[in-house]
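Whatever order the structure lists them in is the order used to number ligands and atoms, beginning at 1. Nothing here was measured: the structure is a model prediction, and the numbers come from that model.
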Amino acid sequence: KKCYLTGRWVNDLGSTMTIKILNANGDFSGIYNTSVSATTKEIIPSPLLGSQHPPNRWNQSTFGFTIHWSFSDSITVFTGQCFVNDDGKEILKTMWLLRSCVDKIQDDWKAILVGYNEFEHL
Ligand SMILES: O=C(O)CCCC[C@@H]1SC[C@H]2[C@@H]1NC(=O)N2C(=O)OCc1ccccc1
C-alpha cells in the first residue's frame, strides 16, 4: 500500500489541508485551514506550496511545504514523511517552523516557534 499526498488531511489539532499534485516532479499546491490561532484575527484559509520526492517513489515519500498565512505576516514551513501504518492508514508525520513577524531585530530571538503534527487522510 502506497501513501499518496493528494487529497484532504486533518491533523491532531483539527487543522485541515487539501493537496493537489502539480507536476510529475512532485511539486504540489494546496490550501491550509488552521484551527489554532495565536492572534485575535479571524482565521482564513491559506495557500501552500510544496514538493515531495519523485512520484515514482510514492511509498513513504518525504516532503516539505510552505504556508503563506493569509491572516498574519508569518510564514510556516512543514517537513515530513508519508507513512502507511500497521492498520493500513496513511499518516503524515510532520514538524514545522513558524517565523512570525517581529517589530524589531532585538525581538528576533522570539520570532521562531517549532511544532509537530500528525495528519490522517480525511
Ligand atoms: O495549524 C496547525 O495545525 C499547525 C500550525 C500552528 C498554527 C499556525 S502557526 C502560524 C499561523 C497558524 N496559527 C496562527 O495563529 N498563525 C499565525 O501566524 O499567528 C500569528 C502569530 C504567530 C505567533 C505569534 C504571534 C502571532
Side-chain angles (χ1 to χ4, degrees):
K1 196 160 167 358
K2 296 190 172 184
C3 192
Y4 294 88
L5 269 190
T6 46
R8 284 177 50 74
W9 299 88
V10 60
N11 74 12
D12 46 296
L13 293 172
S15 301
T16 60
M17 67 178 173
T18 303
I19 304 253
K20 44 186 183 296
I21 293 297
L22 278 190
N23 52 35
N25 64 17
D27 299 338
F28 58 83
S29 70
I31 296 284
Y32 197 96
N33 293 289
T34 183
S35 63
V36 287
S37 174
T39 68
T40 53
K41 292 183 189 145
E42 190 219 345
I43 296 178
I44 52 178
S46 302
L48 68 87
L49 279 178
S51 192
Q52 66 179 125
H53 267 281
N56 57 3
R57 279 190 290 133
W58 283 95
N59 47 348
Q60 321 272 90
S61 71
T62 56
F63 58 86
F65 59 87
T66 301
I67 305 178
H68 178 135
W69 298 102
S70 314
F71 61 94
S72 75
D73 298 331
S74 318
I75 292 275
T76 298
V77 292
F78 276 76
T79 189
Q81 187 167 2
C82 188
F83 291 108
V84 179
N85 73 11
D86 302 345
D87 311 334
K89 278 173 74 172
E90 294 169 316
I91 305 282
L92 305 184
K93 298 289 276 183
T94 72
M95 285 193 77
W96 46 265
L97 285 176
L98 158 65
R99 172 78 214 195
S100 47
C101 182
V102 291
D103 299 335
K104 48 189 187 295
I105 192 166
Q106 291 84 352
D107 291 344
D108 181 60
W109 64 273
K110 62 180 175 182
I112 297 278
L113 285 179
V114 63
Y116 55 93
N117 285 116
E118 202 168 290
F119 291 79
E120 288 183 6
H121 239 217
L122 269 177

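In this structure, S70 OG and I43 CD1 are separated by 11.5 Å, a value rounded to the nearest 0.5 Å. Atom CG in L5 sits 8.5 Å away from atom CZ in F65 (nearest 0.5 Å).
The aromatic rings of W69 and F71 lie perpendicular to each other, with more than 60° between the two planes, well past the 30° mark. Between F78 and W96, the ring planes are tilted. Angles from 30° to 60° get that label.
Taking K20 as the reference, nothing meets the side-chain hydrogen bond (donor to acceptor under 3.5 Å, both in side chains) condition, with sequence neighbours excluded.
For ligand 1, residues of the protein lying within 4.0 angstrom by heavy-atom distance are N11, L13, S15, Y32, T34, V36, S37, A38, T39, W69, F71, S72, S74, T76, W96, L98, S100, N117.
Between I112 and L97, the closest side-chain pair of non-hydrogen atoms falls below 4.5 Å.
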